[in-house]
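Only one structure is covered here, and it is reproduced in the block below.
Numbers here are sequence positions counted from 1. Quick note: numbers below take in every heavy atom, side chains included, and nothing from hydrogens, waters or symmetry partners.
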Amino acid sequence: MRVLVVGSGGREHALAWRLARSSTVTELLAAPGNSGTAMVGTNLPVAETDIDGLVDTAVERSIDLVVVGPEVPLALGLSDRLAAAGVPCFGPSRAAARLESSKSFSRDVLDAAGVPGPEYRVFRSPSAALAYVEQRNRPLVVKADGLAAGKGVAMCANLEEAKTAIASCMQDRMFGAAGETVVIEEWLHGPEVSVFGFSDGENLSPVVAATDYKRVGNGDTGPNTGGMGSYGPPAFWDETLAEQIRSEIMLPVIREMASRGSAYRGALYCGLMLTDDGPRVLEFNCRFGDPETQAIMPRLVSNPVEAMIACATGSLTDVAPVEWSDDPVVAVVMVSGGYPGSYQTGLEIHGLDGNDADEEGSLVFHAGVRNAADGSGRLLTSGGRVLACVGRGDDVEGARDRAYRRAAQISFHGAYYRRDIADLRSGQPTTIR
């Protein structure tokens, strides 16, 4: 089969790496890809937002399956366009992708499905939003309703912070049209977990979980980022919790979407807070997470192509159940100095020899990495999150040690990474996306 991966980050390298190991894949392409996807396939100069270009490429190259990594192409209707062209796509329709592209829509679905989440209110008027936070006068979470590249959530510990967040979204238009509407939620407390499953619009595979570290500094300090690391399975994860989340939270949402005529087909990502009152949904996303994908793809035992095609064609029950390994995997993200603020690019990376694995059970997934244009083979930084060093082991400590040993071998000017990813002595991160 010819498979096309859409996207250019660490998640897409992890997906391409796992797909390339499938016996059914004869050709792997990535659009636009990065230096990592180029090691396991062929990159194409087509942007992930060029919907016409992606559809034309899939048709011209007789692609058998398109795997979409990021959310924006799905929100732009890539899956719908591919379906119309007769190309199977692992990723939901534009209507189903509203679970991520509109937080107010997602909350409405959760309410209809009877799925627990935080108390919330939706506002389209700045004055009404300000009046509400003044009346509540307690810690709240202010979220831009639309897609904001992971930056549209503000944790507001007091009234002034809430006012500033509302003004940034609705008056200053920091996130453009995405902030015209805001969702204001209560601030929940507890361990956070990201849960993923394969859906064919009616059925849901066994799920897999990972813990995501969002804040830039050790001990969960500093601003939120796109993700500084991940590990799984989490220390608190067990089969009872997995089945509760699958059957009581994720499946009801899939069924509610089907009842609305928007069958959800693709990777379903549920972000949860495990509160004293039980699991509460923070968000649903319409794709695999980043950097969680880097920690769960090495644990996928099943043939990913078989499962993805079954999701795209509504036939998940016709293939073998999706199987995940229980072996721990730890992913440590290396970022550019200054991230998530301003940072330099074009810095040479040392310690990468062009291979993605070694005999000690570690991997490196590229994100903001590109090949030097001079043909020298040098690798240069091209983004804030540069790469993820991944370790696998019989226990979390072993996997963690391998990830950090690999990170210690890699360097570039200003390189930074957290030192407490999967350090079970320091507890679980509690940031909210």
*Should the heavy atoms of other residues, nucleotides or ligands under 6.0 Å from CG of Asn137 be counted, would the total exceed 12?*
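Yes, because the 6.0 Å sphere around CG of Asn137 holds more than 12 heavy atoms from other groups.
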*For atom CD of Glu243, decide whether the heavy atoms of other residues, nucleotides or ligands shown that lie under 6.0 angstrom number more than 12.*
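Counting neighbours around CD of Glu243, more than 12 heavy atoms of other residues, nucleotides or ligands fall under 6.0 Å, so yes.
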*Do any pairs count as a salt bridge (Lys or Arg N to Asp or Glu O under 4.0 Å) and have a residue in residues 112-127, sequence neighbours left out, and if so which ones?*
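Found Glu119-Arg136.
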*Which residue pairs pass the salt bridge (Lys or Arg N to Asp or Glu O under 4.0 Å) test with at least one member in residues 72-89, sequence neighbours excluded?*
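Every salt bridge (Lys or Arg N to Asp or Glu O under 4.0 Å) pair that includes a residue of residues 72-89, provided the two are not neighbours, is Asp52-Arg81.
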*asked:* For a quick check under 3.5 Å, do Ser8 and Asn34 share a side-chain donor-acceptor pair by atom type?
replied: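 Distance-only check fails for Ser8 and Asn34.
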*Is it the case that Arg299 and Ser325 place a side-chain donor and acceptor less than 3.5 Å from each other?*
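No, because no side-chain N or O of Arg299 sits under 3.5 Å from a partner of the opposite role on Ser325.
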Donor-acceptor pair, distance only, cut-off 3.5 Å: does the side chain of [X] make one with the backbone of [Y]?
| X | Y | result |
| --- | --- | --- |
| Ser106 | Ser102 | no |
| Trp237 | Ala242 | no |
| Tyr231 | Ala235 | yes |
| Glu161 | Ala157 | yes |
| Arg246 | Leu204 | yes |
| Arg406 | Val332 | no |
| Tyr416 | Val216 | yes |
| Asp238 | Thr240 | yes |
| Thr381 | Gly346 | yes |
| Ser230 | Ala331 | no |

With rounding to the nearest 0.5 angstrom, report the [atom1] to [atom2] distance, [X] to [Y].
| X | Y | atom1 | atom2 | result |
| --- | --- | --- | --- | --- |
| Leu272 | Glu283 | CG | CD | 9.5 Å |
| Glu186 | Thr275 | CD | OG1 | 8.5 Å |
| Asp327 | Arg392 | CG | CZ | 9.5 Å |
| Gln294 | Leu387 | CD | CG | 10.5 Å |
| Asp220 | Asp420 | CG | CG | 7.0 Å |
| Leu130 | Glu134 | CG | CD | 6.5 Å |

*Please list all pairs passing the ring-ring contact (aromatic ring centres under 6.0 Å, His included) test where one or both residues lie in residues 76-124, with sequence neighbours left out.*
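Pairs touching residues 76-124 that pass the test: Phe90-Phe198, Phe123-Tyr132.
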*Sorted by first residue and then second, give each side chain to side chain donor-acceptor pair (under 3.5 Å) pair with at least one member in residues 334-343; sequence neighbours left out.*
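Sorted result for residues 334-343: empty, none.
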List the atom pairs, with distances to 0.1 Å, where a side-chain N or O of residues 308-318 and a protein N or O form a donor-acceptor pair under 3.5 Å, not counting sequence neighbours.
residue: Thr313; atom: OG1; partner: Ile309; partner atom: O; Å: 2.8
residue: Thr313; atom: OG1; partner: Ser315; partner atom: OG; Å: 2.9

Is there a side-chain contact between [X] and [Y] (heavy atoms, below 4.5 Å)?
| X | Y | answer |
| --- | --- | --- |
| Trp187 | Arg138 | no |
| Val195 | Val208 | no |
| Leu241 | Pro279 | yes |
| Thr293 | Phe196 | no |
| Leu300 | Glu323 | no |
| Val335 | Thr225 | no |
| Asp145 | Val122 | no |
| Val46 | Pro32 | no |

Sequence-distant partners of [X], salt bridge (Lys or Arg N to Asp or Glu O under 4.0 Å), two or more places apart:
| X | result |
| --- | --- |
| Arg370 | none |
| Arg287 | Glu71, Glu100 |
| Glu248 | none |
| Asp401 | Arg405 |

_Residue pair Leu110, Arg107: steps toward the side-chain contact (heavy atoms from CB on, under 4.5 Å) verdict_ = CA-CA 5 Å; Leu110 293 179; Arg107 286 295 162 202; 3.0 Å; yes
Pairing of [X] and [Y] as salt bridge, 4.0 angstrom limit:
| X | Y | value |
| --- | --- | --- |
| Asp395 | Arg400 | no |
| Asp212 | Lys214 | yes |
| Glu292 | Arg11 | no |
| Lys143 | Glu185 | yes |

What pair of heavy atoms forms the shortest contact from [X] to [Y], and how long is it?
| X | Y | value |
| --- | --- | --- |
| Pro92 | Ala96 | CB-CB, 3.7 Å |
| Cys389 | Ile410 | SG-CD1, 3.8 Å |
| Cys270 | Ile249 | SG-CG2, 3.9 Å |
| Ala75 | Ser101 | CB-CB, 4.2 Å |
| Pro252 | Ala113 | O-CB, 3.7 Å |
| Val55 | Ala85 | CG1-CB, 4.1 Å |

N/O donor-acceptor pairs under 3.5 Å from side chains in residues 258-265, not counting sequence neighbours:
residue: Ser259; atom: OG; partner: Glu256; partner atom: O; Å: 2.6
residue: Arg260; atom: NE; partner: Glu256; partner atom: OE2; Å: 2.7
residue: Arg260; atom: NH1; partner: Asp108; partner atom: OD2; Å: 3.2
residue: Arg260; atom: NH2; partner: Asp108; partner atom: OD2; Å: 3.0
residue: Arg260; atom: NH2; partner: Glu256; partner atom: OE2; Å: 3.2
residue: Tyr264; atom: OH; partner: Ala267; partner atom: O; Å: 2.7
residue: Tyr264; atom: OH; partner: Cys286; partner atom: O; Å: 3.3
residue: Arg265; atom: NE; partner: Asp200; partner atom: O; Å: 3.1

*For Thr37, all residues meeting side-chain hydrogen bond (donor to acceptor under 3.5 Å, both in side chains), sequence neighbours excluded*: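 Only Asn43 meet the side-chain hydrogen bond (donor to acceptor under 3.5 Å, both in side chains) criterion with Thr37.
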_Just to verify, what does Glu12 make a side-chain hydrogen bond (donor to acceptor under 3.5 Å, both in side chains) with, not counting sequence neighbours?_
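If we apply the side-chain hydrogen bond (donor to acceptor under 3.5 Å, both in side chains) test to Glu12, skipping adjacent residues, there are no hits.
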*Hey, can you tell me if Phe365 and Trp17 have their rings parallel, tilted or perpendicular (30° and 60° cut-offs)?*
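Rings of Phe365 and Trp17: perpendicular, as their planes differ by over 60°.
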*Arg419 NZ/CZ over Tyr417 ring centroid, <6.0 Å and within 45° of normal*: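 Yes, a cation-pi geometry.
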